[in-house]
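All remarks here apply to the structure that follows.
Numbers here are sequence positions counted from 1. Note that ligands are numbered from 1 as they come in the structure, with each ligand's atoms numbered from 1 the same way. None of these values were measured; they are calculated from a predicted model.
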Amino acid sequence: MSDQQKTGVIFGLANKRSIAWAIAKKLHEGGWRLAITYQNERLEQEAKDLIADLPGAAGFMCDVSSDEQIAKLFEDLKARYGELRGLVHSVAFAQAADLNGEFVNTSREGFRIAHDISVYSLIAVARGAAPLMARGGGIVTLTYYGAEKVVPRYNVMGVAKAALEATVRYLANDLGPKAIRVNAISAGPIKTLAARGISGLGDMLKSHAERAPLKRNVDALEVGAAAAFLLSEAGSGITGETIYVDCGYNIMGF
Ligand code: NAD
Ligand code: 0WE
């Protein structure tokens with residue numbers, strides 16, 4: 001049984017509102033054995049309390065800005081599980097100053113940090129995971145509409161998400177011959193820790209719900225279900241894609 005159980009690693013658990021947590025619950029429901037990572041000691045207790053609710057799941061600390069921590073994590077995963085079939089990257093960060101001011105004032109260091117944490121980290125973890133995906137696998141990351149249209153104050157994160165979506169295509173091309181698929185989910189706005197600090201989020205959620213064809217906002221569990229689909233056999237023909245899970249918001253012109 002445990003030989004047939006697929007193992008996946010999820011990056012980016014902060015708390016119960018995290019999209020990473022919704023994805024973990026859906027993958028767990030789908031029979032996956034999970035390794036779930038959190039950024040640092042500050043998040044450790046909350047992460048471990050959540051992970052304890054998913055039988056068979058284990059928690060690992062990993063700051064994705066550190067090559068050493070990424071290398072150590074994949075050593076640990078190799079020793080513990082031998083093989084990986086799935087990876088979920090649900091990590092992003094930009095300095096608050098760069099999300100509040102005008103985009104034109106983005107600093108060199110702010111640009112670097114946003115791209116290092118939110119984009120380069122996907123390349124680094126994909127490279128770490130690929131040798132463990134000996135029988136193929138799936139990689140999913142999370143993006144947002146601000147990658148392609150201007151969303152006021154999303155600023156340098158929008159530019160980083162555009163780079164993330166291009167990174168998904170280049171990784172898909174490199175890893176396709178190894179039967180590793182790489183896709184992004186473009187989620188509508190969800191009230192998570194990463195979104196809560198944003199001023200005007202309430203108004204944004206309201207107008208998003210009014211304009212989206214489904215006349216509501218997306219639930220994190222719907223994003224989780226889409227990730228589980230992409231990582232399952234049902235997604236076997238899909239790679240390099242950005243799939244919208246946004247109640248249809250992105251299709252509207254007016
Ligand atoms: P979240 O705050 O719960 O998750 C973001 C995670 O990134 C946190 O767990 C944080 O610890 C982690 N992180 C930041 N820097 C890190 C580092 N150096 N090393 C390791 N981890 C680090 O918020 P979320 O909304 O669940 O965000 C998850 C993903 O979903 C992000 O990529 C975000 O851009 C994307 N997304 C969010 C929304 C939304 O409205 N909430 C919409 C579309 C896409
Ligand atoms: O990707 C995101 C959020 C990413 C994010 C959020 C923060 C807040 C706290 C990255 N870095 C930080 N850094 C912090 O210090 N989303 C899609 C959610 C989001 O963020 C916005 C949005 C939406 C939606 C920012 C401005 C406008 C809209």
(request) Decide, yes or no, whether a salt bridge links Glu109 with Arg112 under the criterion of side-chain N to carboxylate O below 4.0 Å. (result) yes
(message) Can you confirm whether the side chains of Arg17 and Thr192 place a donor and an acceptor under 3.5 Å from each other?
(response) no
(message) Using a 4.0 Å cut-off to any heavy atom of Lys161, which atoms of ligand 1 qualify?
(response) 31 (C), 32 (O), 33 (C), 34 (O)
(request) Flag atom 21 (C) of ligand 2 as yes if some protein heavy-atom distance to it falls below 4.0 Å, otherwise no. (result) yes
(message) Closer than 3.5 angstrom, by distance alone: can the side chain of His208 be matched with the main-chain N or O of Met204 as a donor-acceptor pair?
(response) no
(message) Side chain or backbone, does Tyr154 bring an N or O within less than 3.5 Å of an N or O on ligand 2?
(response) yes
(request) Specify side chain, backbone, both or neither for Ile117, according to which of its non-hydrogen atoms lie closer than 4.0 Å to ligand 1. (result) side chain
(message) If you measure every N or O of Gln39 against every N or O of ligand 1, does any of those distances drop under 3.5 Å?
(response) yes
(message) I'd like to check whether Ala94 has a polar contact with ligand 2, where a contact means an N/O of the residue lying under 3.5 Å from an N/O of the ligand.
(response) yes
(message) Just verifying a value: how many Å separate Asp53 CG and Lys16 NZ, rounded to the nearest 0.5 Å?
(response) 12.0 Å
(message) With no hydrogens and no angle check, just 3.5 Å: does a side-chain donor-acceptor pair link Asp49 and Gln45?
(response) yes
(request) Please report which non-hydrogen protein atom sits nearest to atom 25 (O) of ligand 1, along with the residue it belongs to and the distance in Å to one decimal place. (result) Thr192 OG1, 2.5 Å
(message) Would Asp63 count as a polar contact of ligand 1, with the cut-off being nitrogen or oxygen pairs under 3.5 Å?
(response) yes
(message) Given 3.5 Å as the limit, does a donor-acceptor pair link the side chain of Asn183 with the main chain of Ile238, or not?
(response) yes
(request) Could you tell me whether Arg216 and Glu210 make a salt bridge, using a distance below 4.0 angstrom between a side-chain N and a carboxylate O? (result) no
(request) Compute the shortest N/O to N/O distance between Ala194 and ligand 1 and return yes if it is under 3.5 Å, no if not. (result) yes
(message) Only heavy atoms of Cys62, strictly under 4.0 Å: list the atoms of ligand 1 that pass.
(response) 19 (N), 20 (C)
(message) Counting non-hydrogen protein atoms only, what is the nearest one to atom 7 (O) of ligand 1? Give residue, atom name and distance.
(response) Val91 CA, 3.6 Å
(request) Select the closest option to atom 27 (C) of ligand 2 among Ser118, Ala114, Pro152, Gly200, judged by heavy-atom distance. (result) Pro152
(request) Specify side chain, backbone, both or neither for Thr141, according to which of its non-hydrogen atoms lie closer than 4.0 Å to ligand 1. (result) neither
(request) Could you check atom 25 (C) of ligand 2 against the protein and tell me its nearest heavy-atom contact, residue, atom and distance included? (result) Ile198 CG1, 3.2 Å
(message) I need the nearest protein heavy-atom contact for atom 31 (C) of ligand 1: residue, atom name and distance, please.
(response) Ala92 CB, 3.6 Å
(message) My understanding is that we take every heavy atom of each candidate and find the minimum distance to atom 5 (C) of ligand 1. Doing that for Ala160, Ser90, Ser186, Ala187, which one comes out nearest?
(response) Ser90
(request) Pick out which of Arg85, Arg135, Arg33, Glu83 makes a side chain to side chain contact (heavy atoms under 4.5 Å, CB included) with Lys6. (result) Arg85
(request) Flag Gly12 as yes when one of its N or O atoms lies below 3.5 Å from any N or O atom of ligand 1, and as no otherwise. (result) yes
(message) Taking the basic N atoms (NZ, or NE/NH1/NH2) and the acidic carboxylate oxygens, is any pair closer than 4.0 Å for Glu29 and Lys26?
(response) yes
(request) Assess the pair His89 and Phe11: is the distance between their ring centroids shorter than 6.0 Å? (result) no
(request) Using non-hydrogen atoms of the residue, decide whether Arg17 is closer than 4.0 angstrom to ligand 1. (result) no
(message) For the backbone of Gly12 and the side chain of Gln39, can you confirm whether one donor and one acceptor N or O come within less than 3.5 Å of each other?
(response) no
(request) May I ask you to identify the nearest protein heavy atom to atom 9 (C) of ligand 2, giving residue, atom name and distance to one decimal place in Å? (result) Ala194 O, 4.6 Å
(message) Donor-acceptor pair, distance only, cut-off 3.5 Å: does the side chain of Gln69 make one with the backbone of Asp63?
(response) yes
(request) Measure Phe93 to ligand 2 on non-hydrogen atoms and call it side chain, backbone, both or neither using the 4.0 Å cut-off. (result) both
(request) Check ligand 1 against Leu43 and write out every atom of the ligand that is under 4.0 Å from a heavy-atom position of the residue. (result) 11 (O)
(message) Could you check whether any side-chain N or O of Ser90 sits under 3.5 Å from a backbone N or O of Ile19, counting only pairs where one atom can act as donor and the other as acceptor?
(response) no
(message) If the cut-off is 4.0 Å to any non-hydrogen atom of Leu99, which atoms of ligand 2 fall inside it?
(response) 6 (C), 7 (C), 11 (N), 12 (C), 13 (N)
(request) For Leu13, counting its heavy atoms only, list the atoms of ligand 1 lying under 4.0 Å from any of them. (result) 9 (O)
(message) So, regarding Ala195 and ligand 1 (criterion: nitrogen or oxygen to nitrogen or oxygen, under 3.5 Å), is there a contact or not?
(response) no
(request) Mark up the atoms of ligand 1 that fall under 4.0 Å of a heavy atom belonging to Leu193, in ascending order. (result) 2 (O)
(request) Give the intermediate values and the outcome of salt bridge (Lys or Arg N to Asp or Glu O under 4.0 Å) for residues Lys72 and Asp76. (result) CA-CA 6 Å; Lys72 167 80 163 59; Asp76 291 350; 2.8 Å; yes
(request) Just need the protein heavy atom nearest to atom 3 (O) of ligand 1, so name the residue and atom and give the distance. (result) Ser18 OG, 2.6 Å
(request) Do me a favour and list the nearest non-hydrogen protein atom to atom 18 (C) of ligand 2 with residue, atom name and distance? (result) Ala195 CB, 3.9 Å
(request) Please work out which of Ile19, Val64, Thr37 has its closest non-hydrogen atom nearest to atom 26 (O) of ligand 1. (result) Ile19
(request) May I ask whether Ala220 has any heavy atom positioned less than 4.0 angstrom from an atom of ligand 1? (result) no
(request) Have a look at ligand 1 and work out which part of Met157, if any, has a heavy atom under 4.0 Å from it: side chain, backbone, both or neither. (result) neither
(request) Look at the side chain of Lys161 and the backbone N and O of Leu142, then say whether any donor-acceptor pair between them is shorter than 3.5 Å. (result) yes
(message) Please check this pair: side chain of Arg196 against backbone of Leu201, looking for a donor-acceptor N/O pair closer than 3.5 Å.
(response) no
(message) If we ignore hydrogens and angles and just use 3.5 Å, is the side chain of Ser232 paired with the main-chain N or O of Ala234 as donor and acceptor?
(response) yes
(request) Would you tell me which option among Asp246, Leu205, Thr143, Leu142 has the nearest heavy-atom contact to atom 43 (C) of ligand 1? (result) Thr143
(request) Check each heavy atom of Asn40 against ligand 1 and say whether those closer than 4.0 Å belong to the side chain, the backbone, both or neither. (result) neither
(message) Please check this pair: side chain of Asn40 against backbone of Leu43, looking for a donor-acceptor N/O pair closer than 3.5 Å.
(response) yes
(message) Any atom of ligand 2 sitting under 4.0 Å from a heavy atom of Met204?
(response) yes
(request) Answer with yes or no whether Gly188 contacts ligand 1, where contact means a heavy atom under 4.0 Å from a ligand atom. (result) yes
(request) State whether the side chain of Asp203 and the backbone N or O of Lys206 hold a donor-acceptor pair below 3.5 Å, judged by distance alone. (result) no
(request) Go through ligand 1 atom by atom and flag the ones less than 4.0 Å from a non-hydrogen atom of Pro189. (result) 40 (O)
